[in-house]
Amino acid sequence: MNNIVFHQVRSNQEKSIAASLIREYLEFLNLRIKRDYEIEFDLDAMVDSDVRDESKFHPPSGRFYLVTCNDKICGIGCLKKIDDGIAEIQRMYVTPESRGMGIGRAIANQLINDAKSVGYQRLKLESLRFLEAAHSLYRSLGFKEINPYADNSMKSFQAEDQLDTYYSITVFMEMTL
């Protein structure tokens, strides 16, 4: 049985570990979209914003978790307020060596439950099209595909002339809580 534990990111050490995981995840995404679609995003600005902006993922309106499984760091997951009653799952990532153990589902369920406890009525996310396993997980939890939404996370970190391409390679999803 896996012992999955969620640690709210608070200390500088936790922020450093979280930054490493976010960077690992975003580098993988950035390399793929640069290779396949000739676009890229500002990875450094994204990591810096995620770790330094205390209002982004932290309580009371958000969550910023390091996740351990059997006392080993295995992932990350964040919840961000978009608007009154609406939140977004961001930076949900499980390390390659920890996949297939139910950790992604545990992270998603934790963030869904947190969104409900904060009082959100809708939960959104965006995910690149090639992340099919993630989409299957999200659908199994009740997310449905929607059109791109205005406050999506990439708008601030990508060149304006690349946004249409980004939207064309991205799945946007939402669930009612």
Chemist: Which heavy atom of G104 sits nearest to which heavy atom of M92, and what is that distance?
Modeler: O-CE, 3.3 Å
Chemist: Restricting to non-hydrogen atoms, name the atom on A108 and the atom on L141 that form the minimum distance, rounded to 0.1 Å.
Modeler: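 Distance-wise, the nearest heavy atoms are CB-CD1, 3.4 Å.
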Chemist: Find out whether K56 and S49 are in side-chain contact, i.e. whether some heavy atom of one side chain is under 4.5 Å from a heavy atom of the other.
Modeler: yes
Chemist: Please give me the minimum heavy-atom distance between R99 and Y93, naming the atom from each residue.
Modeler: NH2-CE1, 3.3 Å
Chemist: For N3, is there any backbone N or O sitting under 3.5 Å from a side-chain donor or acceptor partner on N70?
Modeler: yes
Chemist: If we ignore hydrogens and angles and just use 3.5 Å, is the side chain of E40 paired with the main-chain N or O of E38 as donor and acceptor?
Modeler: no
Chemist: Testing D48, I76, L43 one by one against I22 for a side chain to side chain contact (heavy atoms under 4.5 Å, CB included), which residue passes?
Modeler: I76
Chemist: Any donor-acceptor pair under 3.5 Å linking the side chain of T170 with the backbone of Y166?
Modeler: yes
Chemist: For the atom pair OG (S11) and CG (L66), what is the distance rounded to the nearest 0.5 Å?
Modeler: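 Here the interatomic distance stands at 8.5 Å.
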Chemist: How far does CZ of R32 sit from OH of Y37, to the nearest 0.5 angstrom?
Modeler: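 With rounding to 0.5 Å, CZ (R32) is 6.5 Å from OH (Y37).
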Chemist: Measure the CZ-CD1 distance between R122 and I86 for me, rounded to the nearest 0.5 Å.
Modeler: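 That separation rounds to 3.5 Å.
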Chemist: To the nearest 0.5 Å, tell me how far K116 NZ sits from L123 CG.
Modeler: 10.0 Å
Chemist: Could K124 and E174 be called an ion pair, given the rule that one side-chain N must be under 4.0 Å from one carboxylate O?
Modeler: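 Looking at K124 and E174, the cut-off is met.
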Chemist: Whether the side chain of S16 engages the backbone of Q13 through a donor-acceptor N/O pair (distance < 3.5 Å, no angle test) should be reported.
Modeler: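 Here the side-chain-to-backbone pair does not exist.
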Chemist: For F41, does its backbone N or O pair with a side-chain atom of N30 as donor and acceptor, under 3.5 Å?
Modeler: yes
Chemist: Please confirm whether the backbone N or O of D53 pairs with a side-chain atom of H58, one donor and one acceptor, at under 3.5 Å?
Modeler: no
Chemist: Between F172 and Y167, is the ring centroid distance below 6.0 Å?
Modeler: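 So the answer is yes for these two rings.
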Chemist: Determine the minimum heavy-atom distance between I103 and C69, stating which atoms define it.
Modeler: CD1-CB, 3.8 Å
Chemist: CZ of R52: more than 12 outside heavy atoms within 6.0 angstrom?
Modeler: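 Incorrect, the count does not exceed 12.
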